[in-house]
Colleague: 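Just passing along the structure, written as C-alpha cells.
In this text the structure is predicted, and so the values were computed from the model without any measurement. Order of listing sets the numbers, starting from 1, for every ligand and every atom in it.
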Amino acid sequence: MRPKVVAGNWKMNGDQAFSRDYIKSFKASWDSYSLKQYSGLSVFIIPPAILIPGVQACIDDSDLDVLVAGQNVAGYESGAYTGEISASMLHDFSCKAALVGHSERRALFGDTDNIVIDKVKQLLARGLGPILCLGESLEEREQGLAERVVKAQLEVVLDTLEVSECALLSLAYEPVWAIGTGKTATPEEAQAMHEFIRQIVADKSVELAEEIVILYGGSVNSANADSLFRQKDIDGALVGGASLKPDEFAEICHLCGRS
Ligand code: PEP
C-alpha cells in the first residue's frame, strides 16, 4: 500500500508571525480532525526557505507530526553560488524533501531539464526526497501534446537514475493551466495522466511504479480534493493557495487520510 501525502506549498508568502499563527491553528485543526489516526498519511509544509527554521521550531513545540520541505534547492553541492541553498543546508534544518521543477521555477527562473536533474541528484545525495513536478501548459494540452510533454519531463530524469536511487523520489502532476487559476483537471483527466505517468515508471521498474507516490496539484481545495483522492493513481496532493489557510489545509489532509 502506497503512503498518502499532502504537501502545502506556501510559495513566496508568510512571515514569522504568520508561521507561528499558522502552526497554532493547524495544530488545533489537526486535533479536531484527529489526523493522527491516519498512520499512512504524511503531511509536508513547504515554506519559503528563510522561514524553515521558525516553522520547524513551531512544529517541534506543538508536537505535530508534520514534515518540512524546501521549495527549491541548488544544483550544486557548495561554493560560490550567491543566493542559493544547498541540499545539505536543507538537511541541516531537518527538511526531508524539496520541490524540483515546479512550473513557476521552470517558467520564471529558467530551471531547464538539466538543472532539474542536478537538483534531483543533490537531494538524493543528501538523503532528501525530490518531489519532481511535471505538467503541460494549456497550449500544449490544446495541441494534444500533454502526454508527450509530461513523458519527456519525467524520462529525462528517470534516465539518469538507477532504480535503487528512486526510492526517495516522488512525482507531482501539476497541469500548468490549473496552478493558481481556480481551474482543476477533472478527476478523470487527472487519473488518466497519473496512470500514464505510472506506466512510464513501470517501463523502468514495475516495482517502482507500484511504490512511487504521485501527487496531483493545481487549485486543489477542500471542495474538489475528495473526488481527486478517490482516483486509484492519485496518492495525494501538492496544494498551493489553499495550503495558506490552516483549517482548509487540515481538511484536505483529512480527506486524503480517509481516502
Ligand atoms: C502549486 O503551487 O504547486 C499549486 C498547485 O498551486 P495552487 O494550488 O495554488 O494551484
Side-chain angles (χ1 to χ4, degrees), residues 4-14 18-19 22 26 42-49 51-52 55 66-73 95-111 116 119-120 123 129-138 140-141 146 149-150 153-154 157 169-187 189-191 193-194 197 213-229 231 233-256:
K4 294 172 193 295
V5 177
V6 181
N9 174 15
W10 289 6
K11 311 197 187 197
M12 199 175 74
N13 294 294
F18 174 87
S19 304
Y22 184 99
F26 188 65
S42 296
V43 176
F44 285 89
I45 291 180
I46 314 183
L51 300 181
I52 287 174
V55 169
V66 166
L67 303 167
V68 176
Q71 293 182 10
N72 186 28
V73 67
C95 288
K96 302 290 181 232
L99 300 179
V100 182
H102 190 281
S103 63
E104 288 153 17
R105 299 251 14 129
R106 290 183 195 259
L108 303 173
F109 302 102
D111 281 14
V116 166
K119 292 181 175 192
V120 165
L123 289 168
I131 303 172
L132 173 64
C133 303
L134 314 164
E136 80 287 357
S137 66
L138 183 59
E140 288 161 342
R141 177 158 279 258
V149 169
V150 168
Q153 289 171 341
L154 176 54
V157 175
L169 179 69
S170 44
L171 305 174
Y173 170 56
E174 299 205 299
V176 179
W177 48 272
I179 298 183
T181 58
K183 290 183 198 153
T184 337
T186 63
E189 281 170 330
Q191 165 56 27
M193 187 59 91
H194 280 232
I197 291 170
V213 165
I214 311 178
L215 308 180
Y216 174 77
S219 297
V220 173
N221 57 40
S222 55
N224 59 30
D226 193 40
S227 53
L228 290 161
F229 294 148
Q231 307 302 313
D233 288 298
I234 298 183
D235 304 314
L238 177 53
V239 186
S243 76
L244 292 170
K245 297 175 213 141
D247 48 345
E248 173 145 29
F249 186 56
E251 189 175 350
I252 296 169
C253 296
H254 160 66
L255 294 170
C256 188

Colleague: Would you check, one step at a time, whether the test side-chain contact (heavy atoms from CB on, under 4.5 Å) holds for V5 with I131?
Modeller: CA-CA 11 Å; V5 177; I131 303 172; 6.0 Å; no
Colleague: Do Q153 and L132 have side-chain heavy atoms sitting under 4.5 Å apart?
Modeller: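 They are not in side-chain contact.
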Colleague: Where does the angle between the aromatic ring planes of Y22 and F249 fall among parallel (under 30°), tilted (30 to 60°) and perpendicular (over 60°)?
Modeller: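 Because their plane-to-plane angle lies in the 30° to 60° range, the rings of Y22 and F249 count as tilted.
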Colleague: Closer than 3.5 angstrom, by distance alone: can the side chain of Q231 be matched with the main-chain N or O of S227 as a donor-acceptor pair?
Modeller: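 Yes: the side chain of Q231 pairs with the backbone of S227.
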Colleague: Given the rule in the side-chain contact (heavy atoms from CB on, under 4.5 Å) test, do L255 and L228 qualify, once you have shown the distances and angles that lead to the verdict?
Modeller: CA-CA 10 Å; L255 294 170; L228 290 161; over 6 Å; no
Colleague: Which heavy atom of V116 sits nearest to which heavy atom of G101, and what is that distance?
Modeller: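 Nearest heavy atoms, V116 then G101: CG2-CA, 3.8 Å.
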Colleague: What are the distances between nitrogen or oxygen atoms of ligand 1 and protein nitrogen or oxygen atoms, counting only those under 3.5 Å?
Modeller:
residue	atom	partner	partner atom	Å
ligand 1	2 (O)	N9	ND2	3.1
ligand 1	2 (O)	K11	NZ	2.8
ligand 1	2 (O)	H102	NE2	3.0
ligand 1	3 (O)	H102	NE2	2.9
ligand 1	3 (O)	E174	OE1	3.1
ligand 1	3 (O)	E174	OE2	2.7
ligand 1	6 (O)	K11	NZ	3.3
ligand 1	8 (O)	S219	N	3.4
ligand 1	8 (O)	G240	N	2.8
ligand 1	9 (O)	G241	N	2.8
ligand 1	10 (O)	G180	N	2.6
ligand 1	10 (O)	S219	N	2.7

